[in-house]
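Comments concern the structure below.
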Amino acid sequence: MKANVRYSIVVPMYNEEAVIEETYRRLKKVMGITGETYELLFVNDGSKDRCADIIKEYSCWDGTVNLIDFSRNFGHQVAITAGMDYASGDAVIIIDADLQDPPELILQMIEKWKEGYEVVYAQRVKRNGESWFKKWSASLFYRVLRASTEISIPVDTGDFRLIDRKVCEEMRRLPESNRFVRGLVSWVGFRQIAVEYERDERLAGETKYPLRRMIKLCLDGITSFSYKPLKLAGYAGALLSLAGFFYLIHVLYLALFTNATMKGWPSVVSIMLIFNGFVLIMLGILGEYVGRIYDETKARPLYIVRECYGLKKKEKPVKKGVI
């Protein structure tokens, strides 16, 4: 570890060539205001553009810049984890490279940290430049997650936050493969507080969280912190079985005590389709949990680092799940 580093800024990036220079400039300006020592840890998550080359060049003449270059794309949450593994500051600040989260908010986070809070997370009060579907789906996701889990995960928050060194060390003890970092930060506890802000429109480039990745993140969040979907399957199964039992009594009554003719094929087929569809949905939910158990039993490393720039190889953390 580097000695006497006050702040570590972790910046995961994936194909952010269009904005990375501006990100670097604004972060340098903000951290320069603090008047304290800091390091910028850029984590290249298998980018196909030149953003890693740009940061590599910066690291040659700017001693605060460091680059952790993955061997391939391992995912946004894993890139954040790698940054926390390598961070040496008393406080670790996580911010995406796309500048939708304003670096200037870091100064408010630092103020709250100095007041004694160990986690300071940024909470969105408005999302500029996003479609109604993106806003609606994000709002739904956070509220479903909060209702499904046993821990209190703040709504309308992303990964933009400051965590104390002791929180970072506890996070490094959590080796699970399908990571949901903002949920893990809530799980470890400590004194937490929100700083509200309006999220800016993306400066350039495209979103790295399309619908497919948003769904995976949602599933990771729910399956990592709740087994309520499995309980729901039991409750729904009992309800449907009870409904089927009453329907059977109704059929027997009509057959034994009335002259009504049961034209049952359409109703039977409909009921079978409903029940079979429900069974397949529940098998899918069960499969999500089993698949994650399978991932954990493989015990593969969370990420592989191809090269580090600005960081010495001997500083690389040795822990379970990292090569």
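In this chain, residues are counted from 1 in sequence order.
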Q) Taking side chain as C-beta onward, heavy atoms only, is Y117 less than 4.5 Å from M109? A) no
Q | Check: I93 and Y38 side chains under 4.5 Å, non-hydrogen atoms | A | no
Q: For residues M84 and I94, report the shortest heavy-atom separation together with the two atoms involved.
A: SD-CD1, 4.1 Å
Q. What is the minimum heavy-atom distance between V19 and A97, and which atoms define it?
A. CG2-O, 3.3 Å
Q: Would you indicate whether the side-chain heavy atoms of F160 and L105 approach each other to under 4.5 Å?
A: yes
Q: Please test D159 against H76 for side chain to side chain contact (heavy atoms under 4.5 Å, CB included), starting from the C-alpha separation and ending with a verdict.
A: CA-CA 10 Å; D159 295 305; H76 179 255; 3.2 Å; yes
Q: Please tell me if the side chains of I20 and F42 come closer than 4.5 Å, counting only heavy atoms from C-beta onward.
A: yes
Q) Are the side chain of Q192 and the backbone N or O of V185 linked by a donor-acceptor pair below 3.5 Å? A) yes
Q. With the threshold set at 4.0 Å, does a side-chain nitrogen-carboxylate oxygen contact exist between K166 and E169?
A. no
(Q) Give me the atom names and distance for the closest heavy-atom approach of C51 to N15. (A) SG-N, 4.1 Å
Q: Measure the CD1-CG distance between I9 and L40 for me, rounded to the nearest 0.5 Å.
A: 6.5 Å
Q | Stepwise side chain to side chain contact (heavy atoms under 4.5 Å, CB included) check, K56 with N44 | A | CA-CA 10 Å; K56 179 181 175 181; N44 178 38; over 6 Å; no
Q) Is D90 salt-bridged to R6, going by a charged N under 4.0 Å from an acidic O? A) yes
Q.
Students often mix this up, so state it plainly: with edges at 30° and 60°, are the rings of Y86 and Y303 parallel, tilted or perpendicular?
A. tilted
Q | N/O donor-acceptor pair under 3.5 Å between D49 side chain and E17 backbone | A | yes
Q: Test side chain to side chain contact (heavy atoms under 4.5 Å, CB included) on F74 and L302 and set out the steps.
A: CA-CA 8 Å; F74 286 93; L302 293 178; over 6 Å; no
Q) Does L184 offer a backbone N or O that forms a donor-acceptor pair with the side chain of R179 under 3.5 Å? A) no
**Q.** Heavy-atom pair with the smallest gap, counting every atom of P103 and L27
**A.** CB-CD2, 3.9 Å
Q: Just do the salt bridge (Lys or Arg N to Asp or Glu O under 4.0 Å) check on E111 and K114 with the steps written out, would you?
A: CA-CA 5 Å; E111 289 179 7; K114 289 182 176 180; over 6 Å; no
**Q.** Y197 side chain to D101 side chain, donor-acceptor N/O pair below 3.5 angstrom
**A.** yes
(Q) Working to the nearest 0.5 angstrom, can you tell me the gap between E115 CD and I193 CD1? (A) 7.0 Å
Q: Could you tell me whether the side chains of T23 and E16 share a donor-acceptor contact shorter than 3.5 Å?
A: no
Q) Between SG of C308 and CG of L41, what distance do you get to the nearest 0.5 Å? A) 9.5 Å
Q | Pair R25 + E22, salt bridge at N-O below 4.0 Å | A | yes
Q.
For a quick test of reading the model, state the closest non-hydrogen atom pair linking R161 to R182 and the distance between them.
A. NH2-CB, 3.5 Å
(Q) Quick check: do E57 and I54 have side-chain heavy atoms less than 4.5 Å from each other? (A) no
Q.
With rounding to the nearest 0.5 angstrom, report the CD to CD1 distance, E118 to I163.
A. 11.5 Å
Q) Hey, what do you get for OH (Y24) to CD1 (I55), rounding to the nearest 0.5 Å? A) 8.0 Å
Q. Can E104 and K29 be counted as an ion pair, charged N to O under 4.0 angstrom?
A. no
(Q) How close do V188 and M171 get, counting heavy atoms only, and between which atoms? (A) CG1-SD, 4.2 Å
Q) Is the backbone of S88 close enough, under 3.5 Å, to the side chain of E39 for a donor and an acceptor to pair up by distance? A) yes
Q: Under the side chain to side chain contact (heavy atoms under 4.5 Å, CB included) rule, what do R26 and I106 come out as? Steps first, then yes or no, please.
A: CA-CA 11 Å; R26 286 176 63 178; I106 292 174; over 6 Å; no
Q. Does D62 pair with K28 as a salt bridge, N-O distance under 4.0 Å?
A. yes
(Q) How long is the straight-line distance from OG1 of T81 back to CZ of R172, given to the nearest 0.5 Å? (A) 11.0 Å
Q. Under 3.5 Å, side chain of D164 to main-chain N/O of V167, donor-acceptor pair present?
A. no
**Q.** Heavy-atom donor-acceptor pair, S8 side chain to V92 backbone, under 3.5 Å
**A.** no
